[in-house]
Colleague: 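Here it is, the structure in full.
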There are 2 protein chains.
Amino acid sequence: MTDVNTMPGHLIRRYHQASVAIFHARVAELGFDLTPVQYAALAKIEAQPGIDQVTLAGLIAYDRTTIGGVVDRLVQKQYLVREVSATDRRARVLKLTELGVTTLHRLAPVVEEAQLQVLSGLDEREQAEFVRLLQKATAGVNQMSRAPLKEAE
Amino acid sequence: MTDVNTMPGHLIRRYHQASVAIFHARVAELGFDLTPVQYAALAKIEAQPGIDQVTLAGLIAYDRTTIGGVVDRLVQKQYLVREVSATDRRARVLKLTELGVTTLHRLAPVVEEAQLQVLSGLDEREQAEFVRLLQKATAGVNQMSRAPLKEAE
DNA sequence: TACTGATGATCAGCATACTGACTATATTGT
DNA sequence: ACAATATAGTCAGTATGCTGATCATCAGTA
């Protein structure tokens, strides 16, 4: 394993790079300019409207510092509203706007396609096995990240 | 696949995040401050001293814009020397310094350990299968990246 | 009630990646 | 030889991630 191109860490970086590029290309075809991270945030906020930033970060495994900037940009694009929580003045409550909802729904099928394209180097049986192993491997190292996934309670 | 946490793209992002964190933690234990990208660059330059930046970028699948900054920082840390090529004045020729060589060799075993830790969620049979599928999947989407891997000739 | 610690959010600073544009130099074709 | 094209590298601008620090607010406890 002296060649970095055979090391898991390096392969993951390259795979991630391509995965992001595929996402961008697909989304750009529809005339949108959303990053994978922004999409994930919108999807999670739709599922749990009124969520605060730290909880959101935990549910999609982001760093809490990073999420601030992501939310900033989504608010600027008018996909999100951010308000001070009525019950905790430290917290910011997040909700989708109408535009956010329609955008999310228009993008959903394209994002699905992008996922398939990311796996397109594998045949169907391999895809299933790969996703299973990827989930298991990711779960195994979850706590090593500064931003571990926190399961919904 | 409506939940982003089951989507391959999202899993890859999380896995990559943890992989980088593991690398940093291991390298920091030895008192060094090298990123995975910087390590990969050093390793490749050792294998091919006198390589230019574009070729290096192709061999480890970086963007040519990004590699400039990476090399800058490695030069600043005195691991690398960058000189104008004698045969092509556009090109910059890269070589390791003594310090670069010794650092690379000290880090190598730790980097190996980090790779194993990245896979630690899987049993031995799964690890082999996962790396095989990861290589195949990555190769399948290689051309979608701005920085595809270019095999050595 | 007042103190202490925990928590939500932000800020500054840095490194990786990307896009698009630009400069300088080589190469190719006529 | 000269024009057109290609290539190596850089720069400006933006987004994701990280570290570590700070501020405001909340919650538990003496």
Side-chain angles (χ1 to χ4, degrees), chain A residues 9-10 12-25 27-28 33-41 51-58 60-74 76-77 82-94 144-148, chain B residues 9-10 12-25 27-28 33-41 51-58 60-74 76-77 82-94 144-148:
Chain A
H10 200 259
I12 294 155
R13 186 189 62 78
R14 286 181 50 206
Y15 195 41
H16 176 58
Q17 231 169 257
S19 160
V20 171
I22 288 169
F23 185 98
H24 271 126
V27 168
D33 180 29
L34 241 87
T35 66
V37 172
Q38 290 170 6
Y39 178 84
I51 198 175
D52 69 293
Q53 292 187 189
V54 165
T55 308
L56 171 62
I60 46 186
Y62 293 11
D63 188 274
R64 81 179 189 287
T65 298
T66 306
I67 201 92
V70 174
V71 169
D72 276 349
R73 287 179 280 276
L74 289 171
Q76 202 178 0
K77 287 176 182 171
R82 167 164 52 181
E83 292 165 351
V84 174
S85 164
T87 58
D88 184 342
R89 279 187 299 165
R90 291 170 304 178
R92 303 287 179 272
V93 158
L94 306 173
M144 291 304 300
S145 171
R146 166 158 165 177
Chain B
H10 201 258
I12 294 156
R13 185 188 62 76
R14 287 182 48 207
Y15 195 41
H16 176 57
Q17 230 169 259
S19 160
V20 171
I22 288 168
F23 185 97
H24 271 126
V27 168
D33 178 30
L34 241 87
T35 65
V37 172
Q38 290 169 8
Y39 178 83
I51 198 175
D52 68 292
Q53 292 187 191
V54 165
T55 307
L56 171 62
I60 46 187
Y62 293 11
D63 187 274
R64 82 179 189 288
T65 299
T66 307
I67 202 93
V70 173
V71 169
D72 276 349
R73 287 178 281 276
L74 289 172
Q76 203 178 359
K77 286 174 181 171
R82 168 164 52 182
E83 293 166 351
V84 174
S85 163
T87 58
D88 183 342
R89 279 189 298 165
R90 292 171 305 179
R92 303 287 178 272
V93 159
L94 306 173
M144 292 301 303
S145 171
R146 165 158 166 177

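We use all heavy atoms of the structure for the numbers below, so side chains are in, but hydrogens, waters and symmetry mates are not. Quick caveat: nothing in here was measured; it's all calculated off a predicted structure. Quick note on labels: first sequence line is chain A, next is B, and so on, each numbered from 1.
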Colleague: Can you tell me if the side-chain N/O atoms of A:R89 get under 4.0 Å from OP1 or OP2 in D:dC26?
Modeller: yes
Colleague: Output the rounded distance in Å from CG (B:L94) to C1' (D:dA8).
Modeller: 12 Å
Colleague: So which one's nearest nucleotide on DNA chain D is more toward 5', A:T87 or A:P36?
Modeller: A:P36
Colleague: Base, sugar-phosphate or nothing for A:T35? Non-hydrogen atoms, less than 4.0 Å.
Modeller: sugar-phosphate
Colleague: Ignoring hydrogens and geometry beyond distance, is the side chain of B:R90 in donor-acceptor contact with the base of D:dT7 at under 3.5 Å?
Modeller: yes
Colleague: A:H16 has an atom NE2; how far is it from atom C1' of C:dC18, in whole Å?
Modeller: 11 Å
Colleague: Could you walk me through whether A:R13 and A:H10 pass the side chain to side chain donor-acceptor pair (under 3.5 Å) check?
Modeller: CA-CA 5 Å; A:R13 186 189 62 78; A:H10 200 259; 3.3 Å; yes
Colleague: Between C:dA15 atom P and B:L74 atom CG, what is the distance in whole Å?
Modeller: 11 Å
Colleague: Do A:D72 and A:Q76 have side chains that approach each other closer than 4.5 Å (heavy atoms only, starting at C-beta)?
Modeller: no
Colleague: Hey, are the side chains of B:Y15 and A:Y15 touching, using non-hydrogen atoms and a 4.5 Å cut-off?
Modeller: no
Colleague: Would you say A:R82 places a side-chain N or O within less than 4.0 Å of OP1 or OP2 belonging to C:dT10?
Modeller: yes
Colleague: What is the distance, rounded to the nearest whole Å, between atom CD1 of A:I12 and atom P of C:dT16?
Modeller: 18 Å
Colleague: Strictly below 4.0 Å: does B:Q53 bring a side-chain N or O up to OP1 or OP2 of D:dT7?
Modeller: no
Colleague: Whole angstroms only, please: what is the CG-P distance between A:D72 and C:dC11?
Modeller: 8 Å
Colleague: Go through the N and O atoms of the side chain of B:R64 and the base of D:dG9, and report whether any donor-acceptor pair is under 3.5 Å.
Modeller: yes
Colleague: Report the nucleotide, chosen from D:dG17, C:dG8, C:dA17, that has the shortest atom-to-atom distance to any side-chain atom of A:T66.
Modeller: D:dG17
Colleague: Would you say A:R13 reaches C:dT16's phosphate, i.e. side-chain N/O to OP1/OP2 under 4.0 Å?
Modeller: no
Colleague: Of the nucleotides C:dT10, D:dT10, D:dG17, which one has an atom closest to the side chain of A:T65?
Modeller: C:dT10
Colleague: Rounded to the nearest 0.5 Å, what separation is found between the CZ atom of A:R14 and the CD1 atom of B:I12?
Modeller: 13.0 Å
Colleague: Assign B:V70 to base, sugar-phosphate, or nothing according to its heavy-atom contacts below 4.0 angstrom with the strands shown.
Modeller: sugar-phosphate
Colleague: Assuming nearest nucleotide by heavy-atom distance, tell me which of A:R73 and B:V93 is located more 5' along DNA chain D.
Modeller: B:V93
Colleague: Hey, does the side chain of A:Q38 come within less than 4.0 Å of D:dT16's phosphate (OP1/OP2), counting only N and O?
Modeller: yes
Colleague: Rounded to whole Å, please give me the gap between CG in B:L34 and P in D:dC18.
Modeller: 19 Å
Colleague: How many Å lie between CG on A:D63 and P on C:dA9, as a whole number?
Modeller: 13 Å
Colleague: Got a second to check how far B:L34's CG is from B:K77's NZ, nearest 0.5 Å?
Modeller: 5.0 Å
Colleague: For the pair made of CZ in B:F23 and C1' in C:dA15, what is the distance, rounded to whole Å?
Modeller: 13 Å
Colleague: For DNA chain C, whose closest nucleotide is more 5', that of A:T55 or that of B:G69?
Modeller: A:T55
Colleague: Please determine, for the side chain of A:D88, which listed nucleotide (D:dC26, D:dG20, C:dA26) has the closest atom?
Modeller: D:dC26
Colleague: Decide yes or no for A:V84 and A:R92: does some side-chain heavy atom of the first lie under 4.5 Å from some side-chain heavy atom of the second?
Modeller: yes
